[in-house]
Protein chains: 2
Amino acid sequence: MKLKEAKTLKDLAKVTGFTESTISRTLNGIGTKYRISTETQKKIIDAANEANFKFNENARGLRLKKTMTVGFIVPDISNSFFAKMASLIEREARLHKYAVFLCDSDNSTEVEKASINLLQKRKVDGIIVCPIGLESKHLQKLYQETPLVLVDRYFPKIPLPFVTSDDGLDSYKVVQHLISKGHSKIACIQGVENTSQNNMRVKGYKNALQDNGLAFDSKFLMGNSFSEKNGYYAAQQIIAMPKKKRPTAIFSLSSIITLGILKSFTEAGLKVPLDFSIVSFDEQEYSALLATPLTTIGQPKEEMGTKAFQLLRNQMESKTKLHQEGMLLPTRLNFRDSIKAL
Amino acid sequence: MKLKEAKTLKDLAKVTGFTESTISRTLNGIGTKYRISTETQKKIIDAANEANFKFNENARGLRLKKTMTVGFIVPDISNSFFAKMASLIEREARLHKYAVFLCDSDNSTEVEKASINLLQKRKVDGIIVCPIGLESKHLQKLYQETPLVLVDRYFPKIPLPFVTSDDGLDSYKVVQHLISKGHSKIACIQGVENTSQNNMRVKGYKNALQDNGLAFDSKFLMGNSFSEKNGYYAAQQIIAMPKKKRPTAIFSLSSIITLGILKSFTEAGLKVPLDFSIVSFDEQEYSALLATPLTTIGQPKEEMGTKAFQLLRNQMESKTKLHQEGMLLPTRLNFRDSIKAL
DNA sequence: AATTGGAATGAAATCGCTTTTTTAAGCAGC
DNA sequence: GCTGCTTAAAAAAGCGATTTCATTCCAATT
């Protein structure tokens with residue numbers, strides 16, 4: 001065996017004449033602790049460098065029962081909201097020597113479950129999941145076995161650690177703002193009903209109406225998914241309403257929905273805020289550059305990613321379950337030109 | 001040991017009274033081939049289900065020398081261009097039972113190298129990388145050892161498999177279009193110089209100028225990174241030029257750069273296409289909805305992701321190196337209102 | 001002279017799985 | 001009664017690490 005071909009500790013042992021244990025200790029930096037002479041250590045380290053030796057992390061993981069890997073499950077990684085979070089989770093993981101498995105649950109609870117299964121088979125040390133949000137049993141079960149943190153969406157009544165933004169507050173504020181500008185017929189185009197984030201936003205919307213003496217009109221709470229199509233069709237419905245009865249303002253619960261709404265308006269030749277005022281959740285790089293700069297509620301995606309990994313790391317490294325409720329980070333309101341005073 | 005606590009083959013062996021080999025064979029679906037009686041198999045399968053048994057894929061990977069994992073290295077996952085590709089790579093991988101390690105190289109060749117190292121230690125079966133693009137030696141070395149496919153950026157003179165888009169053609173066409181509309185002073189705001197994609201685009205730009213009898217003016221080839229800042233500052237420079245000498249049209253080599261340009265214009269109170277005509281690389285969901293709907297050259301990101309994984313799978317499963325040059329997929333020109341006829 | 005103790009390594013078990021090699025039992029054939 | 005063939009399953013080796021427990025050598029102590 002030539003030195004340059006040494007791929008494993010065994011190979012290195014054969015070539016250098018020392019045993020696997022000695023080499024393992026040396027390369028793991030605990031040689032001195034085990035009284036391996038400086039001379040021997042130098043020989044081993046030189047040989048390892050020469051051979052461009054790399055540990056097999058799978059074998060280590062097997063032996064150590066710690067793989068230094070985590071999983072991140074998202075509904076749709078092509079959505080820039082999740083991509084931004086992924087970016088910071090990956091970075092944080094990298095800085096702490098963890099590798100990240102990316103799983104796209106494709107907006108399906110079934111795929112989400114399959115992804116969890118996959119990650120467990122791979123013995124990840126922890127999992128961050130942005131759940132679809134309609135079911136939680138499988139997540140509770142998961143939490144019995146593996147460190148877990150939820151991001152963005154969570155389950156208010158279920159004790160699982162989470163990091164998300166406190167969407168209700170600015171939802172309330174922005175709807176109040178619309179009202180103060182003279183709007184009384186305000187539509188809300190929502191995403192997936194009964195998910196935590198949707199609920200918080202809708203609650204803010206309803207409370208603002210109520211506190212200002214406006215009746216909630218269920219016709220004006222529209223839509224059913226965080227998709228462009230949803231916004232597109234809801235906007236068409238709104239356009240089709242009799243002019244006197246239709247809303248003058250729209251509160252859109254996600255940037256993707258907003259794109260659909262805007263597309264619909266563009267096709268119909270309608271202008272913002274001339275024909276409709278718009279407020280949208282989720283600030284994007286382009287929000288200020290659209291035909292009409294949008295008033296938005298921005299979420300701290302980056303911070304959410306960072307914090308989520310930190311919470312996960314706490315669990316992974318302390319081996320204790322966190323029974324804290326989780327973290328609610330503040331959102332940020334960006335006022336722009338998409339609101340008309342009536 | 002209780003059945004429900006059985007986590008390993010050994011545990012299952014203890015509980016059922018059969019040996020690990022028999023159980024392994026049964027659960028891997030090759031029991032019959034090894035003449036394990038139907039009765040025994042049923043007992044084993046029932047026990048495994050009852051225990052909710054999951055194979056340890058790390059141990060399997062170690063033994064089989066095949067981990068069913070791949071790595072995907074991108075310069076910046078928060079960039080929606082790469083996120084879209086990631087989405088399809090993940091999907092394709094999932095359908096073929098591979099798990100995906102996501103590595104963000106943070107636009108740094110050093111991190112790219114570290115990521116490769118990490119993936120090799122984890123014994124991935126293959127790697128897809130969108131390289132930073134200035135260095136290729138480490139990739140050539142990698143290709144000696146691991147199946148590899150490059151996406152988006154590649155190295156024209158180096159025989160590594162790649163999938164990318166043929167950006168020169170539409171670059172040429174769109175610049176020609178600008179010229180036909182009367183523009184003769186056309187700036188090009190580029191990304192990272194000497195990367196394949198940048199080169200192709202610039203080449204298209206220069207060729208179009210030349211073929212139309214226009215001299216290439218190096219003052220008009222500006223910028224140095226695929227970032228918003230780059231677009232922002234380049235646009236400021238353009239604005240600062242004496243009005244008679246400054247370009248009337250801008251060819252931006254990425255959507256991120258374009259956002260910077262638009263921000264700059266907005267701040268200066270300049271309008272597209274009134275003050276400047278713009279053409280941008282990379283179609284986005286919002287391209288048609290901006291203050292002025294943009295003329296763009298769209299790349300087939302999804303197809304690139306899919307094809308990249310397919311090419312990788314070919315290598316992983318045939319164990320033969322591909323010495324084909326790679327794939328160049330066509331781009332798509334979307335004409336919109338951001339060009340003024342002079 | 002025998003024992004002790006520290007320094008420098010080595011041997012062997014183990015992690016959870018797959019696979020090659022063996023074994024054991026039952027029955028047919030001579 | 002022995003050989004030889006099936007059938008059914010067990011035993012053991014090995015993947016590449018880590019770690020507990022030994023071993024060897026030699027100087028110092030009793």
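Note on naming: letters A, B, ... go to the chains in the order of the sequence lines (proteins, then strands), and numbering restarts at 1 for each one. Remember, predicted model here, so these are calculated numbers, not experimental data.
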Chemist: What is the nucleic acid contact for I36(B), judged by heavy atoms within less than 4.0 Å: base, sugar-phosphate only, or nothing?
Modeler: sugar-phosphate

Chemist: Determine, stepwise, if the pair K10(B) / E20(B) fulfils salt bridge (Lys or Arg N to Asp or Glu O under 4.0 Å).
Modeler: CA-CA 6 Å; K10(B) 203 190 213 174; E20(B) 296 177 53; 5.9 Å; no

Chemist: What contact category does G31(B) fall into here, base, sugar-phosphate, or nothing, at under 4.0 angstrom with non-hydrogen atoms?
Modeler: nothing

Chemist: Over how many whole Å does the gap from L27(A) atom CG to dT18(D) atom P extend?
Modeler: 9 Å

Chemist: S24(A): which residues meet the side-chain hydrogen bond (donor to acceptor under 3.5 Å, both in side chains) condition with it, sequence neighbours left out?
Modeler: N28(A)

Chemist: Among all residues two or more places apart in sequence or in another chain, which pass the salt bridge (Lys or Arg N to Asp or Glu O under 4.0 Å) test with K42(B)?
Modeler: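 Partners of K42(B) by the salt bridge (Lys or Arg N to Asp or Glu O under 4.0 Å) criterion, ordered by chain and then number, come out as D46(B).
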
Chemist: In whole angstrom, what separates I44(A)'s CD1 from dA8(C)'s P?
Modeler: 13 Å

Chemist: Using whole Å, report how far NZ of K121(A) lies from P of dC15(C).
Modeler: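 Rounded to whole Å, this separation is 22 Å.
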
Chemist: Find the distance E39(B):CD to dT7(D):C1' and express it as a whole number of Å.
Modeler: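 Between C1' of dT7(D) and CD of E39(B): 14 Å.
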
Chemist: Please report, rounded to the nearest Å, how far the P atom of dT18(D) is from the CG atom of N56(A).
Modeler: 10 Å

Chemist: Check whether any side-chain N or O of R60(A) sits under 4.0 Å from OP1 or OP2 of dT18(D), and answer yes or no.
Modeler: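 Yes.
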
Chemist: What string of B, S and - do you get for nucleotides 19-28 of chain D, 5' to 3', if B is base contact, S is sugar-phosphate-only contact and - is no contact with any protein heavy atom under 4.0 Å?
Modeler: BBB-------

Chemist: Hey, can you pull the donor-acceptor pairs under 3.5 Å for the side chains in residues 30-38 of chain A, sequence neighbours left out?
Modeler:
unit_1 : atom_1 : unit_2 : atom_2 : d
T32(A) : OG1    : Q41(A) : NE2    : 3.3
S37(A) : OG     : T40(A) : N      : 3.2
S37(A) : OG     : T40(A) : OG1    : 2.8

Chemist: Think N28(A) has a side-chain N or O under 4.0 angstrom from the OP1 or OP2 of dT18(D)?
Modeler: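 For N28(A), the contact criterion (side-chain N or O under 4.0 Å from OP1 or OP2 of dT18(D)) is met.
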
Chemist: In whole angstrom, give the distance that lies between atom CG of N58(B) and atom P of dT14(C).
Modeler: 21 Å

Chemist: Go nucleotide by nucleotide along DNA chain D from the 5' end; which of F18(B) and K123(B) gets its closest nucleotide reached first?
Modeler: F18(B)

Chemist: With F162(B), which of Y143(B), F155(B), Y154(B) fulfils ring pair (Phe, Tyr, Trp, His ring centres under 6.0 Å)?
Modeler: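 Among Y143(B), F155(B), Y154(B), the one meeting ring pair (Phe, Tyr, Trp, His ring centres under 6.0 Å) with F162(B) is Y154(B).
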
Chemist: Does a side-chain N or O from K65(A) land closer than 4.0 Å to OP1 or OP2 of dG16(C), or not?
Modeler: yes

Chemist: When the distance from NZ of K14(B) to P of dA10(D) is rounded to whole Å, what number comes out?
Modeler: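 In whole Å, dA10(D) P lies 15 Å from K14(B) NZ.
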
Chemist: In this structure, how many angstroms lie between the C1' atom of dA11(C) and the CG atom of L9(A), rounded?
Modeler: 15 Å

Chemist: Got a sec, which residues hit ring-ring contact (aromatic ring centres under 6.0 Å, His included) with F18(B), two or more places apart in sequence or on another chain?
Modeler: none

Chemist: List the atom of Q315(A), the atom of L148(A), and the distance in Å for their closest heavy-atom pair.
Modeler: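 For Q315(A) versus L148(A), the nearest heavy atoms are NE2-O, 2.8 Å.
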
Chemist: Would you say T8(B) places a side-chain N or O within less than 4.0 Å of OP1 or OP2 belonging to dC15(C)?
Modeler: no

Chemist: Are any of K10(A)'s side-chain N or O atoms less than 4.0 Å away from OP1 or OP2 of dC15(D)?
Modeler: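 Looking at the OP1 and OP2 atoms of dC15(D), one of them is under 4.0 Å from a side-chain N or O of K10(A).
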
Chemist: Could you list the residues that satisfy side-chain hydrogen bond (donor to acceptor under 3.5 Å, both in side chains) with S115(B), not counting sequence neighbours?
Modeler: none

Chemist: Would you say T19(B) reaches dA10(D)'s phosphate, i.e. side-chain N/O to OP1/OP2 under 4.0 Å?
Modeler: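 Yes, within the criterion.
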
Chemist: May I ask you to evaluate whether K54(A) reaches the phosphate of dG16(D), defined as a side-chain N or O under 4.0 Å from OP1 or OP2?
Modeler: no

